[in-house]
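Quick notes on the structure that follows.
The residues of the chain are indexed from 1 along the displayed sequence. We count ligands from 1, going down the list as the structure has it; atoms in each ligand are counted the same way.
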Amino acid sequence: MERTFIMVKPDGVQRNLVGEIIRRFENKGFKLAGLKLMSVSQELAEKHYDSLKDKAFFPGLVKFICSSPVVAMVWEGDNVVVTSRQMIGATNPHAAAPGTIRGDFGVAVGRNLIHGSDAIETAQREIALWFSEAELVTWETTLNPWLYEL
Ligand code: IDP
Ligand code: MG
């Protein structure tokens, strides 16, 4: 089953939106495979955002991610990478559709609340970066026949 890496960023944690965000993924029908509240080191933040290291906003972004705790998660489900990005909404909350997390709760691109992997390969890289094998849980949910046509 496909997995993606989702992170509630420092602004989302500070604004008490952790429960709201988890609720949306649970209600959608995705299954939690990993979850932790953590402080982020500069090294981890720089590795995570490595593809953006030439952008002018990179230093500010890294500083922000390290400024306050985040909630790192792995969610599992059919098409979860693409669907999560749709649930999260456009990078800039001004452009994010109502009903999306950024569209409903954000007003600034540098305070857009949540990260979600942008492709399956990115998800695999990010999950390995943020979680050890032992922190990821494989489990059976009794809901499967009600979520999927098996
Ligand atoms: P994404 O989070 O929607 O995948 P990316 O382009 O991967 O967007 O950028 C990563 C993060 O960097 C964004 O979520 C946002 O917090 C921040 N960011 C992106 N573009 C800007 C910008 O123009 N100014 C400030 N921060 C930005
Ligand atoms: Mg991205």
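Counting heavy atoms of neighbouring residues, nucleotides and ligands inside a 6.0 Å radius, atom NZ of K28 does not exceed 12 of them. Other residues, nucleotides and ligands contribute only 12 or fewer heavy atoms inside 6.0 Å of the CH2 atom of W146.
In this structure, atom 1 (P) of ligand 1 lies nearest to the protein heavy atom T91 OG1, 3.5 Å. The protein heavy atom nearest to atom 9 (O) of ligand 1 is L52 CD1, 3.5 Å. In terms of protein heavy-atom proximity, atom 16 (O) of ligand 1 is closest to K9 NZ, 3.0 Å.
Remark: K53 does not engage E46 in a salt bridge, criterion side-chain N to carboxylate O under 4.0 Å. We find that R24 and D104 are joined by a salt bridge, their nearest charged nitrogen and carboxylate oxygen being less than 4.0 Å apart.
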Steps toward salt bridge (Lys or Arg N to Asp or Glu O under 4.0 Å) verdict (E20, R23): CA-CA 5 Å; E20 168 68 27; R23 184 187 66 78; 2.9 Å; yes
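Ring geometry for H48 versus H115: interplanar angle over 60°, hence perpendicular rather than tilted (30 to 60°).
Residue H115 places no N or O, backbone or side chain, under 3.5 Å from any N or O of ligand 1.
In this structure, R111 forms no cation-pi arrangement with F105, as its terminal cationic atom is not both closer than 6.0 Å to the ring centre and no more than 45° off the ring axis. Geometrically, K36 engages F131 in a cation-pi contact defined by less than 6.0 Å to the ring centre and at most 45° from the axis.
Of the heavy atoms in L61, only side-chain atoms (C-beta onward) come closer than 4.0 Å to ligand 1. Counting heavy atoms under 4.0 Å from ligand 1, residue R85 touches it through the side chain alone. Within the 4.0 Å heavy-atom criterion, neither part of K55 lies near ligand 1. At a 4.0 Å heavy-atom cut-off, ligand 1 does not touch I88 at all.
For the residues F57, Y49, F64, the heavy atom positioned nearest atom 19 (C) of ligand 1 is part of F57. Relative to atom 24 (N) of ligand 1, the option among T122, L113, V109 with the closest non-hydrogen atom is V109.
Near N112, meaning under 4.0 Å from one of its heavy atoms, ligand 1 places the atoms 13 (C), 14 (O), 15 (C), 16 (O).
For R102, the closest heavy-atom approach to ligand 1 falls below 4.0 Å.
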